[in-house]
Each structure stands twice: as structure tokens, then as C-alpha cells.
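Here's the structure, in C-alpha cells; my notes come after.
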Amino acid sequence: MVVGNTRKKGHLPLLVVLAGGLGSRFGGNKQIAEIPGLGRSIMELSIIDAHNAGISEVVLVINAAIKPIVQTHIVPRLPQSLTIHLVEQCITDVPTQYLELADKRKKPWGTGHALLAARAYITKPAIVITADDYYGPQAYHQLVAHFANTCGDEQHMAMVGYPIGLTLSNQGGVNRGLCKLDQGSLSSVVECLNISKQGSILIGECAGQVTEISKSTLASMTFWGITPILMMHLADGFSRFLDIHDNVVKKEYYLPDCIQACISSNQAHVTVYSAMDHWYGITFKEELDTVAGKLNELRQG
């Protein structure tokens, strides 16, 4: 489905919003949950921020359950100058030889598979985000500028990382992918578990060891700037994922794993930009009111 203005505008990236998850910990489809006081979902706020940065084309990767609401409630509230493509992330969207595995699957295959659902539209650079995370307006300007400056170099991708101290939850410890940098470029993302404040410092479990973490360490919050070359690697990696894992009924194929493989094999260079805004996200329904208060302050002054 395509809605809106189909005119191409320069070399601006498109926006891909990953909104196909089931929201099991939230207890419902949090992608479309309206923020009290704003009457819009986080996804809509993100799309508006991207539009204000000059982006004119959006791909929404959704699941079948939320499609009617997206079509009738969310799309009509978005800027009419946007071109919007709706794409369903289907469990059966796998190579033919793996359809038997898909029959056993209950949940979506993960963020890597979600991005693959949008492959027909990624013929130019794209900013990839998740629907339930609010990144602030400046991140879009940062990556629009990145792609303007890299002049079509398909191996030169990007991400916006958020200082870990700005991504914590009052509900308890959080798991985050911490960025390791080499002269401003991403070398790896290290998963650290149960990060929380202990007095005046941050503590988390990294590689099985309890470690103090600097509050300025950048965390990957799924704000990627990708180029079309990634899609070939993503498709190949998904086939390998299905081949290697004996039990893919529950395992997920993650986008960062594919990007890491591209970095490690020198197929991609990822410039990391430090976020200029606070990040807000919702995992549990109990967080909705707190996040709503913060977003109301930001959007309404």
C-alpha cells in the first residue's frame, strides 16, 4: 500500500520504521499505543521528526494485527506530503526450503528479518528505527547530513548512539548494546546486562563480569543509517541463520549481528554520532505514564 506524494526529492534517505513486533512484555501492540496528552503514538512523533529533517518517504514494517488501525487512524494523521509504504512482516517470508520451519514459528523472526521485509524499497540510503523508541529530532538531522556528505558511498553507513546514562529505566536494570569505537567508527557492540545506578555509578554485567560503566559510553538504541549494499548481506545472513540454528522456533535474527559481520569483514564502515537528545522507550506498560510526561514536556514546552 502506498499513500501520499510519490515525487522523488533529491538524495534524501528514506525512513524505515520497524513496527512488526508483538509487544508481549507490554501486553499489547505498543507500536500504536497513544501517548496520553498528545493523542499520537511514539511512532508518529518519530515520523514527524524525520519529516521535519527533510525526509519525504517512509516504510512502515507492521504486523497484520495493527494494519487496520495504522491505515485508518495513524496514516491520516501524518503529514500529507509524505509517501508512505505499508509492508507486512510475515513469518512465512522465508526462502522456500525453510517454509517447514516457518510453520512452527509463532513470533516474528527479529529485526534483521523485519528490515528484509522492506527490501523492495531500500534502493537508496535509509534511516532505520524501531516504532516504540523516541530518539528526539536531532538524530534525523545528523544522519540526513551524514548521507549528504558521503555522496553515495554504499560502504559508509552510520548510527546515532545514546549516552548510556540517558537510556536507563526507573523500573530496574536494562540490557544495552555498548559501542566500542575506533576513531569515531564502530568496531563492535558489546551486550551488557542489568545496567543500573548503584549510588553515583553505573554497574552492569558485561561478558559475565560485573563492571562499572561510564555514563558517557554510547549505547546502540537501533538508530541506524544503512545503504542498499546491506540488504544483500542481510538476506545471505538470514539463510545462514536458518541453516545453523537447530531450533529457530524461538531464536531471532538481529540486524546488529549482520552489521557487525559487515564491519568485521571490512564490507562496511559505520560512523558513530553521539545523540544530542534524550532517548525514551517503552518496554512495560507501567512506563507509559512516565514517558508520556517527558514527551508532553518536550512537545508542548
Side-chain angles (χ1 to χ4, degrees), residues 15-55 58-62 66 69-70 72-82 84 111 127-144 159-177 195-197 215 218-225 273-301:
L15 176 68
V16 181
V17 184
L18 306 182
L22 298 182
S24 54
R25 286 179 292 177
F26 183 79
N29 291 302
K30 59 182 175 178
Q31 310 96 310
I32 56 176
E34 290 188 359
I35 301 300
L38 293 177
R40 294 180 182 269
S41 61
I42 285 180
M43 175 169 64
E44 292 171 77
L45 300 181
S46 294
I47 293 170
I48 291 169
D49 286 342
H51 179 253
N52 290 338
I55 290 172
V58 180
V59 181
L60 300 181
V61 181
I62 58 177
I66 69 172
I69 295 177
V70 171
T72 59
H73 289 76
I74 291 179
V75 170
R77 295 194 298 233
L78 295 173
Q80 294 302 299
S81 59
L82 283 171
I84 302 171
T111 53
I127 295 172
V128 181
I129 66 170
T130 55
D132 53 334
D133 292 307
Y134 183 73
Y135 300 96
Q138 293 305 318
Y140 300 95
H141 289 280
Q142 287 173 287
L143 290 201
V144 165
M159 69 166 288
V160 175
Y162 287 73
I164 185 65
L166 301 181
T167 74
L168 303 180
S169 171
N170 293 329
Q171 300 297 315
V174 298
N175 301 340
R176 296 285 183 257
I195 301 170
S196 62
K197 285 184 180 180
K215 293 179 182 178
L218 296 182
S220 171
M221 306 304 294
T222 313
F223 198 102
W224 297 101
Y273 298 91
S274 181
M276 302 167 67
D277 294 312
H278 203 296
W279 168 92
Y280 297 102
I282 299 173
T283 300
F284 302 98
K285 190 166 287 187
E286 293 78 11
E287 296 172 317
L288 183 59
D289 287 342
T290 300
V291 172
K294 298 293 185 181
L295 292 181
N296 272 277
E297 289 177 15
L298 289 173
R299 309 298 288 204
Q300 299 179 356

Heavy atoms only: give me the nearest [X]-[Y] pair and the separation to one decimal.
{"X": "I48", "Y": "P79", "result": "CG1-CD, 4.3 Å"}
{"X": "Y134", "Y": "P137", "result": "OH-CD, 3.8 Å"}
{"X": "Q142", "Y": "A275", "result": "OE1-CA, 4.2 Å"}
{"X": "T167", "Y": "V174", "result": "O-CG2, 4.4 Å"}
{"X": "L218", "Y": "G161", "result": "CD2-O, 3.8 Å"}

Nearest 0.5 Å, what's the [atom1]-[atom2] distance between [X] and [Y]?
{"X": "K294", "Y": "D289", "atom1": "NZ", "atom2": "CG", "value": "13.5 Å"}
{"X": "L18", "Y": "M43", "atom1": "CG", "atom2": "CE", "value": "11.0 Å"}
{"X": "Y280", "Y": "I42", "atom1": "OH", "atom2": "CD1", "value": "11.0 Å"}
{"X": "R40", "Y": "I32", "atom1": "CZ", "atom2": "CD1", "value": "15.5 Å"}
{"X": "I47", "Y": "L15", "atom1": "CD1", "atom2": "CG", "value": "6.5 Å"}

Task: H73: partners by ring-ring contact (aromatic ring centres under 6.0 Å, His included), with sequence neighbours left out - done: none
- [ ] Go through the structure and list residues passing ring-ring contact (aromatic ring centres under 6.0 Å, His included) with Y140, not counting sequence neighbours.
- [x] F223
TODO: Quick one: list whatever passes side-chain hydrogen bond (donor to acceptor under 3.5 Å, both in side chains) with Y273, sequence neighbours left out.
DONE: H146
Test of understanding: with side-chain contact (heavy atoms from CB on, under 4.5 Å), list the residues that count as partners of [X], not counting sequence neighbours.
{"X": "A219", "answer": "I164, R176, L178, M221"}
{"X": "N175", "answer": "E191, L193"}
{"X": "L38", "answer": "I35, L45, L295, N296, R299, Q300"}

Open item on the list: Can you confirm whether the side chains of T222 and Y135 place a donor and an acceptor under 3.5 Å from each other?
Closed with: no
TODO: Would you check if the side chain of E44 reaches a backbone N or O of S41 as a donor-acceptor pair within less than 3.5 Å?
DONE: yes
Open item on the list: Between Q80 (side chain only) and L78 (backbone N and O only), is there a donor and an acceptor less than 3.5 Å apart?
Closed with: yes
- [ ] Report yes if some heavy atom in the side chain of V17 is under 4.5 Å from a heavy atom in the side chain of S46; otherwise report no.
- [x] no
